[in-house]
Amino acid sequence: MFKKQLYFCNLQILNKPTMKSTAHLTLVILLIPIFMISCKSEEDTDKKNRQTEEQTANYEDMLKSNTVLIETEFGNMKIKLYDETPKHKENFIKLAANGFYNELLFHRIINEFMIQGGDPDSKNAASGIMLGDGGPGYQIPAEFNDSLFHKKGVIAAAREGDQINPQKESSGSQFYIVQGKKFTDEELDNIEIQQSIGPYINSHPELQDIVTQLQQQNDRDGLDKFVEDIQEKKDFKIIKIPDFKRKVYNEIGGTPHLDNNYTVFGEVIEGLEVIDKIAGVIKDSNDRPVKDVKMNIKVIVE
């Protein structure tokens, strides 16, 4: 277009060869490219403004979503985040919308338990390095809900242990997806007893002191024996697993011993089989896959 405009002006010069006309037309020739550059600059600015507005609108739409897609080489998992855990849902959507999770790893995998990821230190991490301490620099208050439990396919927040995190606050970015296994009623009965002993010990300071001492001594055998003695006395109230949970743990599976200790904030609604594929990879002694399992997480705007 620029060359055509200039050629047309040159024809006018040949038809009107006076000095005045030539000078005037020369000025026109000089002004044309300046005008066109100015128009192009304005067009570019308008285009960038439109793109920015579209991106802003798209980002705002993403923040209103509660569905994400986790992409892996083993397949994709579509996840619905729960409205009952608004702090965790909002945080996860924001991180995903900003591309935080892209190219991170599922860095810890335990078959018949869970697959864990979301550590920013895992991006481009050298092979064999132990991961799991990274995060965005903040934690999220726990959002426990008895109706949201650790059935197969749920996504939940990783966190630091009770000794340094008694409020059970969640990691700002690390999460795990439950694979688990199916449990018999007898196994669930034993889990009920184990889950009931903890609250019983916490309600008796003298027992807490013994547990603390054994932990400081790193006496695992002594701690197991201590718990067994309490279990045999049976002078504590057993916290029952509701029937609706038992049915799910019998038929679908999960990790019931984690209930009400880690915040469950969503579940896989498509691609449940991908969990099993990832859980079956070869790992090193730190449960990190020998071959990196990368993820990309996108927000689905519906």
Side-chain angles (χ1 to χ4, degrees), residues 58-59 61-125 131-132 134-136 140 143 148-159 170-180 252-255 258 262-283 287-302:
N58 187 44
Y59 183 72
D61 288 340
M62 285 193 288
L63 296 184
K64 297 174 185 176
S65 176
N66 61 354
T67 310
V68 299
L69 188 70
I70 300 182
E71 300 175 332
T72 77
E73 64 178 292
F74 295 93
N76 300 335
M77 293 173 281
K78 186 176 182 181
I79 293 179
K80 197 81 169 180
L81 304 179
Y82 297 140
D83 291 331
E84 294 88 342
T85 52
K87 294 184 178 66
H88 286 73
K89 181 182 76 170
E90 179 184 6
N91 178 72
F92 199 80
I93 289 290
K94 280 185 176 179
L95 292 178
N98 287 313
F100 178 92
Y101 289 111
N102 292 341
E103 297 298 306
L104 299 190
L105 306 180
F106 280 101
H107 66 269
R108 183 169 177 251
I109 293 173
I110 302 177
N111 197 31
E112 295 191 338
F113 183 34
M114 57 88 225
I115 59 176
Q116 181 177 341
D119 181 352
D121 295 341
S122 69
K123 190 171 186 177
N124 300 320
L131 299 164
I140 307 169
E143 293 181 294
L148 308 178
F149 56 101
H150 283 77
K151 64 182 179 181
K152 181 176 182 177
V154 300
I155 181 172
R159 66 175 178 85
S170 300
S171 162
S173 64
Q174 289 197 45
F175 65 90
Y176 59 93
I177 300 175
V178 172
Q179 182 195 32
I252 299 175
T255 54
L258 299 181
Y262 297 80
T263 298
V264 174
F265 62 94
E267 65 179 280
V268 176
I269 57 175
E270 292 180 17
L272 201 63
E273 71 282 355
V274 177
I275 303 171
D276 297 327
K277 292 178 182 178
I278 295 176
V281 302
I282 300 173
K283 305 160 297 179
D287 294 317
R288 176 178 169 180
V290 173
K291 179 184 176 184
D292 288 344
V293 179
K294 293 185 178 182
M295 69 176 77
N296 284 309
I297 302 184
K298 297 178 179 179
V299 178
I300 299 176
V301 178
E302 297 177 322

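In this structure, L131 and S122 approach most closely via the heavy-atom pair CD1-CB, 3.6 Å.
Residue pairs meeting the salt bridge (charged side-chain N to carboxylate O under 4.0 Å, His left out) criterion with at least one partner in residues 82-93, sequence neighbours excluded, are D83-K89, E90-K94. Sorted by first and then second residue, the ring pair (Phe, Tyr, Trp, His ring centres under 6.0 Å) pairs involving residues 69-92 (not counting sequence neighbours) are H88-F265, F92-Y101, F92-F175, F92-F265.
By the salt bridge (Lys or Arg N to Asp or Glu O under 4.0 Å) test, K291 pairs with E73, sequence neighbours left out. Annotation: salt bridge (Lys or Arg N to Asp or Glu O under 4.0 Å) contacts of K283 (sequence neighbours excluded): none. Taking V301 as the reference, N58, D61, M62 meet the side-chain contact (heavy atoms from CB on, under 4.5 Å) condition, with sequence neighbours excluded. Every residue two or more places apart in sequence or in another chain was checked for a salt bridge (Lys or Arg N to Asp or Glu O under 4.0 Å) with E143, and none qualifies. Partners of N124 by side-chain contact (heavy atoms from CB on, under 4.5 Å), not counting sequence neighbours: none found. Every side-chain contact (heavy atoms from CB on, under 4.5 Å) that S171 has, sequence neighbours left out, goes to S173, Q174. Looking at residues two or more places apart in sequence or on another chain, you find a side-chain contact (heavy atoms from CB on, under 4.5 Å) between I300 and T67, L69, K78, E302. Listed by chain and number, the residues in a salt bridge (Lys or Arg N to Asp or Glu O under 4.0 Å) with K123 amount to none (sequence neighbours excluded).
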Donor-acceptor list for residues 102-109 side chains, cut-off 3.5 Å, not counting sequence neighbours:
residue, atom, partner, partner atom, Å
N102, OD1, I297, N, 3.1
E103, OE1, K294, NZ, 3.4
R108, NH1, Q116, OE1, 3.2

Could you go through residues 269-279 and list every donor-acceptor pair under 3.5 Å that involves a side-chain atom there, pairing it with any protein atom two or more places apart or in another chain?
residue, atom, partner, partner atom, Å
D276, OD1, K152, NZ, 3.1
D276, OD1, Q179, NE2, 2.9
D276, OD2, K152, NZ, 3.0

